[in-house]
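Below is one structure, written out as C-alpha cells; the observations come after it.
Lettering of chains follows the sequences in order, A, B, ..., and the numbering in each one begins at 1.
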Amino acid sequence: MEPVLSVRGLRTHFVTRERTVKAVDGISYDLFPGKTMAIVGESGSGKSVHALSILGLLPMPPAKIVAGEILFQGRDLLKMTPAQMREVRGNRVAMIFQEPMTSLNPVLRVGEQIAEAVVLHQKKTQAEAWAKAVDLLKKVGIPHPEQRVNDYPHQFSGGMRQRAMIAIALSCEPDVLIADEPTTALDVTIQAQILELMKDLQREYKTAIILITHNIGVVAEMADDVVVMYAGRPVEQAPVGELFKNPKHPYTKGLLASVPSIYERKERLEAIAGQPPDLGAGDLVGCPFVARCSCAMDRCKTEDPPQFHLEGGRMSNCWKSEEDGGRRTHRFKSAEEAAA
Amino acid sequence: MSATPILEVRGVKKHYAARAGMFGEKTSVKAVDGVSFSVMPQESFAVVGESGCGKTTLGKLVLALEKPTEGRVLFEGHDVAKMSRAELKAMRARMQVIFQDPYSSLNPRMTVERIITEPWDIHGLHKDPAERSRRLHKLLDDCGIAKSFLDRHPHEFSGGQRQRVGIARALALEPRLIVADEPVSALDVSIQAQVLNLLKDLQKERNLAYLFISHDFSVVRHLCTRIAVMYLGRVVEAADSETLFNDPQHPYTEALLSAVPVPDPSIEKRRKRILLTGDVPSPLKPPSGCRFHPRCRYVVDACRTQDPALAEARAGHLAACAVLPFKDKRSDAALVAV
Ligand SMILES: Nc1ncnc2c1ncn2[C@@H]1O[C@H](COP(=O)(O)OP(=O)(O)OP(=O)(O)O)[C@@H](O)[C@H]1O
Ligand SMILES: Nc1ncnc2c1ncn2[C@@H]1O[C@H](COP(=O)(O)OP(=O)(O)O)[C@@H](O)[C@H]1O
Ligand code: SF4
Ligand code: SF4
Ligand SMILES: [Mg+2]
Ligand SMILES: [Mg+2]
C-alpha cells in the first residue's frame with residue numbers, strides 16, 4: 001500500500017533576533033490509509049508545531065521550515081502555492097483542535113458553519129448544504145440534529161462542540177484527519193464517545209488519522225503506529241504493540257513506567273528525574289535526554305545519537321540501539337546536502 | 001489508626017443563586033447537594049467525578065472558604081462554621097491546601113524562601129534563626145527542592161518544581177490534613193509521577209491525611225485507599241479503593257471505570273466499554289428520581305420517580321442505586337465491543 005502522507009526530515013524552527021527555538025528538528029514517518037499514527041510526547045515537545053507545519057498554518061516569520069518534505073499523495077505540500085494549499089486544507093487534509101470553542105465562530109449558527117464548509121468543497125446549493133449539515137450532525141451523534149443545527153456554539157457542551165468540529169472536518173470526507181489533543185479538554189465518558197466516533201468514521205471512510213496526544217492510555221486504545229517525541233525530535237517509532245511490549249529508547253521506557261493505570265496499583269511509579277531541556281536556551285549538545293537518562297554513556301554527552309533502524313520497521317534515536325544491531329540513518333539531511 | 005475521624009462532612013449542601021430559562025426565573029445551582037463522608041487520620045481519601053460534579057465546591061466547604069447552605073463540616077470534631085477567627089486560624093494550620101494550578105497559586109513577587117516560610121510569620125512560629133533554617137532545609141530536602149531555588153521567583157520554575165514549592169509551603173505548619181484539588185492534573189506524565197511519589201512518601205513520613213480531589217481514576221487508584229464517586233452534587237458510591245475498582249456497585253462508576261483508557265494495547269484490544277449516551281445534565285435542573293436515570297442502562301420505571309439513598313450494598317461499601325447492587329450477575333449484553 002502507498003502511504004497517503006509521508007513526512008521526510010521535517011524541521012520547523014522559530015527564529016527571532018534573540019534566539020532560535022528548534023521546535024521540530026527532524027521528524028519522518030509514513031501514514032497509510034485507514035490507519036492511525038499517534039504522536040505522543042510531553043508539553044512543548046513539538047507535536048502541535050509539527051501538525052501546523054503540515055497544514056501551512058504557522059505564522060512565518062517567526063516560524064521557518066528549515067528542511068524537509070511533506071508528501072501528500074506524492075506531491076510536496078511545502079512547494080505548493082497558497083491557493084493549492086487552501087484546496088488541500090479542509091478538502092483533503094482536515095484538522096480538529098483541543099479547544100473547539102476557539103475554532104468555531106461564536107456568532108454563526110453551528111449549521112451555517114458546517115454548510116459553509118460543504119459549499120466550499122462540494123458543488124451544492126445552500127439548501128442541499130443545510131440538509132447535509134443536519135446529516136453530518138446526526139452522523140456525529142448530536143441528538144435532535146434538525147433543531148440543534150440552529151444553535152450557536154455556546155449552546156453546545158464541550159463534547160457537542162468537538163462533535164461539531166468533527167462534522168466540519170468530515171464534511172469533505174478528508175483523506176487525512178489531524179486531531180490535536182481532541183479529547184484533552186473533555187471528561188472521560190465524553191472522551192470515550194468521541195474516540196469511538198473517530199474509530200467508526202475511520203472504518204467507514206478509510207481516513208488516515210494523525211492523533212496527537214500526551215495520554216498514553218489513548219495511544220494504547222487508538223494507535224496502529226506511534227512516534228514518541230522528545231525535545232522536538234522523534235526518539236522512537238514503532239507499531240503500538242511492539243512499543244508497549246518492548247520499548248527500546250530509555251525515554252519511552254521511563255514514560256511507560258511513569259503512568260499510573262486503573263488496572264493495577266503500583267507501589268511506586270518509576271518517575272523520570274529532572275525535566276525536559278528548554279528548547280530556547282541554545283543548541284543542545286549530545287543526546288537531548290542525557291541529563292535524565294539512567295543508561296547514559298560518555299559519548300551521549302557530546303554526540304547527538306542518529307536514528308537507528310531496528311527490526312520490524314522500528315526506529316530509535318539512542319546510542320544503545322547501535323549495540324542492538326541498529327542500522328544508522330540521519331534524522332534529516334545536513335544543510336549542505338539539502339542545498340545540493 | 002484512631003477511631004475519631006479527622007474530617008466529617010455531614011449532609012452538606014451548597015446552592016448558588018442563579019437564573020434560568022427565557023424569562024430568567026430565579027433558581028439555584030445545586031453544586032453540592034447532600035454529601036456525607038468522613039476521613040480518618042493518616043487516611044488518603046479521594047473524591048472523584050467528572051467536571052462540574054461539585055468537587056471543588058466541596059473542597060471549599062471543607063476549607064471553610066464557603067459556608068454550606070445546609071449541613072456541617074467537622075474538623076477534629078469541631079464545626080468549622082461555628083469557629084471564631086482565632087479558632088479558624090488555628091484550624092488552618094492543621095488543614096492545608098494544594099491547588100491544581102502551580103502557576104497561579106504562588107505569589108509571583110515572593111522568593112521561594114518567602115513563599116515557604118511566610119506561614120511561620122503569619123502564625124508567629126520558629127522565630128529563632130537557627131531553628132528556622134533547620135526546618136526550612138528539612139522541607140527542601142523532603143520535597144526535592146534545590147537550595148539554589150531559595151532566592152528565585154516562581155516564574156523561573158517548571159510546573160513540577162512550582163508544585164513542589166506549593167507542597168513545601170503546605171507542609172510548613174505540619175498539618176494533619178491536606179486538601180489537594182487536582183494537584184497533578186496540570187503536569188506532564190513524567191513530572192506527575194515525581195509529584196505523586198512525593199505525596200506518597202510525605203504521607204508515610206508525616207502521618208498525613210489527604211482529601212484528594214481528582215477526575216483521574218488512574219491517579220486515585222495509585223494514591224488513595226478510600227474513594228467517593230460524585231455525580232451531580234451527590235456521592236453515588238463510596239468504598240475502599242480495591243473494592244471499588246474490582247466490584248463497582250453503581251452503574252455510573254461502572255461506566256466511568258470502563259471509559260478510562262488503559263495504558264496497555266493488549267488489554268485495550270479485548271476490553272469492553274460501556275458508552276454512556278448524552279452529557280451530564282445541568283445542576284440547575286437535575287433529573288427527577290435517580291439523577292443518573294437518563295443515562296443508565298439498568299434503568300427501571302421506579303428510577304424515574306424514586307431518588308435512591310446512599311445505602312450499604314456490601315459491608316462498608318455504599319451505593320446510591322436501587323438496582324445494580326442487587327443484581328447477582330450483571331448482563332454484558334449492553335457492553336459495547338471496542
Ligand atoms: N509562536 C511561537 N514562537 C516561538 N516559539 C514557539 C511558538 N510556538 C511554539 N513554540 C515553541 O515550540 C516548542 C513546541 O511547541 P508545541 O506547541 O508544538 O508543543 P506541544 O508538544 O504541542 O505542547 P503542548 O502539549 O503544551 O501543546 C515549544 O518549545 C514552544 O515554546
Ligand atoms: N460561585 C458560583 N456561582 C454559581 N455557580 C457555581 C459557583 N461555583 C460553582 N458553581 C457551579 O457548581 C457546579 C460544581 O462546580 P465545581 O465544584 O467547581 O465543579 P468541579 O470542580 O467538579 O469541576 C458547576 O455547575 C458550577 O458551574
Ligand atoms: S543516547 Fe545515551 S543519553 Fe540518549 S537515550 Fe540513549 S543512552 Fe540515554
Ligand atoms: S437507581 Fe436506577 S437509574 Fe439510578 S443508577 Fe440505579 S438502576 Fe440506574
Ligand atoms: Mg499542543
Ligand atoms: Mg474543579
Side-chain angles (χ1 to χ4, degrees), chain A residues 40-45 141 143 156-160 183 185-193 195-196 199 214-223 226 239-245 251 254-276 278 292, chain B residues 49-53 144 157-161 184 186-198 200-201 215-225 241-242 245 252 255-269 271 273-280 282 295 336 338:
Chain A
V40 61
E42 297 181 58
S43 156
S45 60
F156 273 29
S157 68
M160 287 164 74
T183 58
L186 306 175
D187 279 321
V188 277
T189 61
I190 310 300
Q191 165 170 286
Q193 294 170 4
L195 295 180
E196 204 56 38
K199 280 188 267 185
H214 66 271
N215 185 322
I216 310 289
V218 170
V219 174
E221 181 185 344
M222 298 291 288
V226 186
V240 70
E242 296 302 308
L243 186 89
F244 279 76
K245 221 182 308 160
Y251 174 65
L255 192 64
L256 295 179
S258 64
V259 252
S261 161
I262 60 158
Y263 257 58
E264 50 173 343
R265 184 185 167 88
K266 297 180 190 164
E267 204 31 59
R268 277 189 84 71
L269 301 169
E270 284 170 45
I272 310 172
Q275 49 185 323
D278 173 5
R292 305 174 78 187
Chain B
E50 296 183 275
S51 78
C53 72
F157 301 115
S158 68
Q161 291 168 333
V184 296
L187 306 176
D188 269 317
V189 261
S190 76
I191 311 296
Q192 174 178 297
Q194 296 171 1
V195 174
L196 283 174
N197 283 342
L198 173 64
K200 218 169 178 175
D201 293 344
H215 70 278
D216 187 335
F217 271 97
S218 314
V219 163
V220 159
R221 174 158 207 183
H222 178 68
L223 191 73
C224 299
T225 49
S241 165
E242 289 313 290
F245 282 105
Y252 176 61
L256 211 49
L257 291 178
S258 93
V260 181
V262 179
D264 182 343
S266 60
I267 294 177
E268 277 296 338
K269 295 263 138 61
R271 217 170 151 225
R273 186 151 275 154
I274 303 164
L275 281 185
L276 289 180
T277 50
D279 291 316
V280 180
S282 157
R295 304 173 82 197
V336 179
V338 173

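With rounding to the nearest 0.5 angstrom, the CD1 atom of Ile216(A) is 11.5 Å from the OG atom of Ser218(B).
The two atoms that bring Ala220(A) and Glu268(B) nearest to each other are O-CB, 3.8 Å, heavy atoms only. Taking each heavy atom of Pro260(A) and Pro263(B) in turn, the nearest pair found is O-CG, 4.2 Å. Closest heavy-atom contact between Ile191(B) and Arg292(A): CD1-NH2, 4.0 Å.
The choice from Ser190(B), Ala259(B), Ala255(B) that makes the most heavy-atom pairs within less than 4.5 Å of chain A is Ser190(B). Highest contact tally toward chain A, considering only Pro261(B), Ala193(B), Pro265(B), is held by Pro265(B) [criterion: heavy-atom pairs under 4.5 Å]. Your options are Leu255(A), Ile190(A), Leu243(A), and the one with the most heavy-atom pairs under 4.5 Å with chain B is Ile190(A). When each of Arg221(B), Glu242(B), Gln194(B) is scored by its heavy-atom pairs under 4.5 Å with chain A, the top score falls to Arg221(B). Considering only heavy-atom pairs separated by less than 4.5 Å from chain A, the leading option among Lys200(B), Arg295(B), His215(B) is Lys200(B). With chain B as the partner, the residue from Val219(A), Leu195(A), Val188(A) showing the most heavy-atom pairs under 4.5 Å is Val188(A). Most heavy-atom pairs under 4.5 Å with chain A: of the set Leu257(B), Asp216(B), Leu187(B), Asp201(B), this distinction falls to Asp201(B).
The side-chain contact (heavy atoms from CB on, under 4.5 Å) test with Leu269(A) is passed by exactly one of Val189(B), Val195(B), Leu196(B): Leu196(B).
Using modelled atom types, no side-chain atom of Gln193(A) and backbone atom of Leu275(B) make a donor-acceptor pair closer than 3.5 Å. Proximity of a side-chain donor or acceptor of Glu221(A) to a complementary backbone N or O of Val262(B) within less than 3.5 Å is not detected.
Heavy atoms closer than 4.5 Å to chain B are found in the backbone of Glu264(A), but not in its side chain. Interface residue Phe245(B): only side-chain heavy atoms are found under 4.5 Å from chain A.
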*Could you please spell out the steps behind the side-chain contact (heavy atoms from CB on, under 4.5 Å) verdict for Tyr263(A) and Ile267(B)?*
CA-CA 9 Å; Tyr263(A) 257 58; Ile267(B) 294 177; 3.6 Å; yes

